[in-house]
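The structure under discussion appears below in the form of structure tokens.
The shown structure was predicted, so the numbers you read here are calculated from the model rather than taken from an experiment. Both counts, for ligands and for their atoms, begin at 1 and track the order of listing.
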Amino acid sequence: ATFETHSDRVKLSLPTGETAEILLHGATVISWKAGGEEKLWLSEKAVLDGSKAVRGGIPLVFPVFGKTTSGPTSALPQHGFARVSKWEVLGKSSASATSICVDFGLGSENVIVDFRKQWPFDFGLIYSVTLTPMSLETKLLVRNEGNQAFDFQTLFHTYLRVADVGNVKVLGLKGVTYRDKTQGGAEIKEEPEAVEVKGEIDRMYVQAPGEVQVEESGKTVYTVTRTEDVKDVVVWNPWENASKNMGDFGPETGYRNMICVEAGTVSEWNTLEPQTVWEGGVTVSL
Ligand code: TA6
């Protein structure tokens, strides 16, 4: 397994040919290749120079999901500051012929002053990305390094690549209550069956119990498993109009080749007491 540090990114590779690429900007995974195929969707117009969040790959949402109108996160940008901050490479934490893991760090001391003022808590994040021949695991450790508790949300905003979203079903969410952002976000209803994408979809499945499978033309292409504290699953596809309204979304038909299956803890606030740690992670398996 090899681990190359470039000026703005880290590249991982396994002897069996799998690779992953992570930008230091936001510690955003921008590529995951296996079997010679790219598994993540990255907009052709994604901005990778650090001036804005990456459109695609796996943006990391912290300390807030979406936008809040009250509370300490209300001054932060949508989805928080982690995905628009410059992380440092902490190093390779494990490597073998069939697995390599690299850790990234972000502390309150290396977040820009504006964000520090807007969200004045002392924290430390360690983000670990592990590549194996059949999976990509992302996990986050949040440490409260101050003397006051803080509330946070976090989510892995994963853009999975598919051949045609019209042939995709998301399984494993049957019976789970979801908040439908296209209907204003109130608690709506239980998911009757598999989730299909026939137009814009933006749903937060609350406390989804188990494994989620992404099926394409009847074949499971991705299996998403989460640790216990990563309770919620957001399913998003902007479809035609919303994707046209995003300047960094390309090509125009790109929405047909992606589905966001985003695992996180976002339906409630997590309160982290001083000097304590929260850990959670997601594994996407092929
Ligand atoms: O995760 C779904 C979502 O919250 C959508 O509502 C949409 O806003 C998407 O995230 C992308 O947000 P972004 O800030 O990356 O444009």
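Sorted by first then second residue, the salt bridge (Lys or Arg N to Asp or Glu O under 4.0 Å) pairs that include residues 94-112, not counting sequence neighbours, number zero.
The pair Lys45-Asp248 does not meet the salt-bridge criterion, since no charged nitrogen lies less than 4.0 angstrom from a carboxylate oxygen.
Every protein residue with a heavy atom nearer than 4.0 Å to ligand 1 is included here: Arg55, Phe65, Gln78, His79, Arg83, His157, Lys181, Asp202, Val234, Trp236, Glu262.
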Using the salt bridge (Lys or Arg N to Asp or Glu O under 4.0 Å) rule, take Arg116 and Asp122 through it: C-alpha gap first, then chi angles, then the decisive distance, then the call.
-> CA-CA 9 Å; Arg116 287 267 307 131; Asp122 294 334; 3.4 Å; yes
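Atom CG of Leu48 is separated from atom OG of Ser43 by 9.0 Å, given to the nearest 0.5 angstrom.
Among residues two or more places apart in sequence or in another chain, the ring-ring contact (aromatic ring centres under 6.0 Å, His included) test is passed with Trp239 by Tyr255. Residues passing the salt bridge (charged side-chain N to carboxylate O under 4.0 Å, His left out) test with Glu191, sequence neighbours excluded: Arg203.
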